[in-house]
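Just so we're on the same page: letters track the sequence lines, and every chain starts at 1.
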Amino acid sequence: MEPTRFSVLVRNPVVALALASAAVFWPLTPSQAQPSEASQALAQWLTSDCEDGDLKALTRWREAAVSDLIAALNKGPAFEGRERVRQLAEESYDELVEQAARKPEWQLASNREEYVNRDVDNFDAQFRVRAAQALIAINTPEARKALESFLSQIQRDGAQAREDVRMTILALLNSKPQ
Amino acid sequence: MSLKRLSRALLAVGVAGSAPPVAADKLKIEGITGGDQAIVMINARTAAGCEVQVSRSAGMSEVGNLLAGCKPWIAVLAANKAVLFKAPANQWTDGADDEDSVTLKPIIDVPVRVWIANPKAAKKARDDMARANLTYEQNKVGIQFVPKYEDVPADSVGVIDDAIVVATDGTFKCRKLPELQRSAFYVAKTLNIYYIKEAITGQNCAITQPEGDGNITFIGGGANRATLAHELGHAFGLRPMDAGGHTDGLPGFGSTNVMVGNGTAARKRFTAGQVFRMNTHADQWGGTMLIENGLRPGPGRKCPPDSPPPSPSNEQCPPLDADP
């Protein structure tokens, strides 16, 4: 598949993000349309757990992927994805509380609200930083401009992203001059 | 039908319809916790050739008629016990009345030094460790983490931050590990986990070139609650990338497998094939840290995650997706 088809398949960033979330949280049944190779690469990278994730599989789409990555950076994960993370975190907390009754050394340090909110916040942070990493790897003028404007926006409205996200994106920008 | 004729008919098909008892070799496992169904992997020759059988056992089990030949080995995964790996196991004979016996040992305590270089992550570190312990217990990995938490003074985090930096390809990579290993924030032959300020997910440094160290793992602000268990899977030999330790999209592994690389926080399953490797693996990066750190006896055996399925020419490794 040529990179030019990427924009056709996932031209709408909202569709791309929904697809990304769907691929991760609601695996498609065989009867449904499978995500394209490109959008799978996007979904995989945005939610990849290791730094060893395959960034190259995404960045080979280069300019065609930039607009979707900028949307991911600015908007974060889709609402449905965040809610799914919240639900799973609640289930995990309850399971761990139950286990801690059996093994006191496994006592949780956080209360339920802290535990759940942290998982959702970290998911958001991961999503945006992954988008930033891909943008810096592509390193086109448009990609850098998006990162710089995201950082400026944070300075104006600190609530949009956490300090560690800002710091990490700054480190990414500084690591690779254009 | 007379009673005599009925008796003869029953005898002809086996009493009450059941087949006559077939002689079978037996494996006796001592030390299984009450109620547990241990996972048993046996490599032996059968009529079909050398193969790994995977089954469950509560203590004594019949394993069919195992034959002489192959290089027999036995692995047992049981709740709250160390993984037993007997290689070579006793040689089976062609007769069907062989019996082998193994005894399980206590679960292995794995010391972990958790370095809190990001004060905001202090609670997360403890919660992650509880989650990892539960995941490893549920999958009968045979170990339990015994963490010791240490705060890193703000003026000393530099040596830790320097060891995980952005590479030119946009990913964060381990580097300058010797400096970190020589610092006050590293304990040799111990899992060292660093909670850092960068909003990355996680990174185990085993396959870093040239100075990899599976005992070093970084956890960042983008990590989910399964990230620690995942990175420790890398530390125990399920190496990422070309080594095949990530199970994304592989048949036999669902989305809840801990080693799915693009996985969600809901990951909590290891296959028996993965657990086998976590306890026995040998490779050029030091193999599983359980052997490297002296917690399990060596030598390990080379069973990379993507090793081919067992065959007469490769009968030392169970398939990665082996499960009862």
Requested in this report: Evaluate the criterion salt bridge (Lys or Arg N to Asp or Glu O under 4.0 Å) for residue pair B:D127 and A:R118; output intermediate values, then yes/no.
Outcome: CA-CA 11 Å; B:D127 295 347; A:R118 183 179 61 222; 2.8 Å; yes
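- Looking only at heavy-atom pairs under 4.5 Å with chain A, the residue among B:K120, B:K197, B:Q144 that has the most is B:K197.
- With contacts defined as side-chain heavy-atom distances shorter than 4.5 Å, the pair B:V166/A:L172 qualifies.
- The contact between A:E114 and chain B is made entirely by side chain atoms (from C-beta outward), counting heavy-atom distances below 4.5 Å.
- In summary, the side chains of A:Q99 and B:Q138 do not present any donor paired with an acceptor at a separation below 3.5 Å, with no hydrogens or angles considered.
- At least one side-chain heavy atom of A:E95 sits under 4.5 Å from a side-chain heavy atom of B:R131.
- A donor-acceptor pair is defined here as one N or O able to donate and one able to accept, closer than 3.5 Å; such a pair exists between the side chain of A:R162 and the backbone of B:G221.
- Of the atoms belonging to B:K124, heavy atoms from both backbone and side chain fall under 4.5 Å from chain A.
- Pairing each heavy atom of A:A109 with each of B:R126, the nearest pair is CB-CB, 3.9 Å.
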Report task. Check step by step if side chain to side chain contact (heavy atoms under 4.5 Å, CB included) holds for A:E105 and B:V146. Result -> CA-CA 9 Å; A:E105 65 270 28; B:V146 182; over 6 Å; no
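- In terms of non-hydrogen atom pairs under 4.5 Å with chain A, the most contact-rich of B:V260, B:N133, B:V165 is B:N133.
- Without hydrogens or angle criteria, A:N122 side chain to B:A223 main chain gives a donor-acceptor distance under 3.5 Å.
- To the nearest 0.5 Å, the span separating OG1 on A:T168 from CD1 on B:I200 amounts to 8.0 Å.
- For a residue to count as touching a neighbouring chain, one of its non-hydrogen atoms must lie under 4.5 Å from one of that chain's; by this rule A:V165 touches chain B with backbone and side chain alike.
- Heavy atoms of other residues, nucleotides or ligands lying less than 6.0 angstrom from NZ of A:K145 number 12 at most.
- Only the side chain of A:I136 comes within contact range of chain B, judged by heavy atoms closer than 4.5 Å.
- The number of heavy atoms from other shown groups lying within 6.0 Å of CD (A:E113) does not exceed 12.
- Distance check: B:M129 CE to A:W106 CH2 gives 12.0 Å after rounding to the nearest 0.5 Å.
- The parts of A:S110 that come within reach of chain B are both its backbone and its side chain, each placing non-hydrogen atoms under 4.5 angstrom from that chain.
- Taking a cutoff of 4.0 Å between a charged side-chain nitrogen and a carboxylate oxygen, B:E137 and A:R102 qualify as a salt bridge.
- Most heavy-atom pairs under 4.5 Å with chain A, from the set B:D128, B:L134, B:I164: that is B:L134.
- A heavy-atom distance below 4.5 Å is not found between the side chains of B:E198 and A:V129.
- Residues A:R130 and B:T201 have side chains in contact (heavy-atom distance under 4.5 Å, counting atoms from C-beta outward).
- For A:A89, the parts lying under 4.5 angstrom from a heavy atom of chain B are both the backbone and the side chain.
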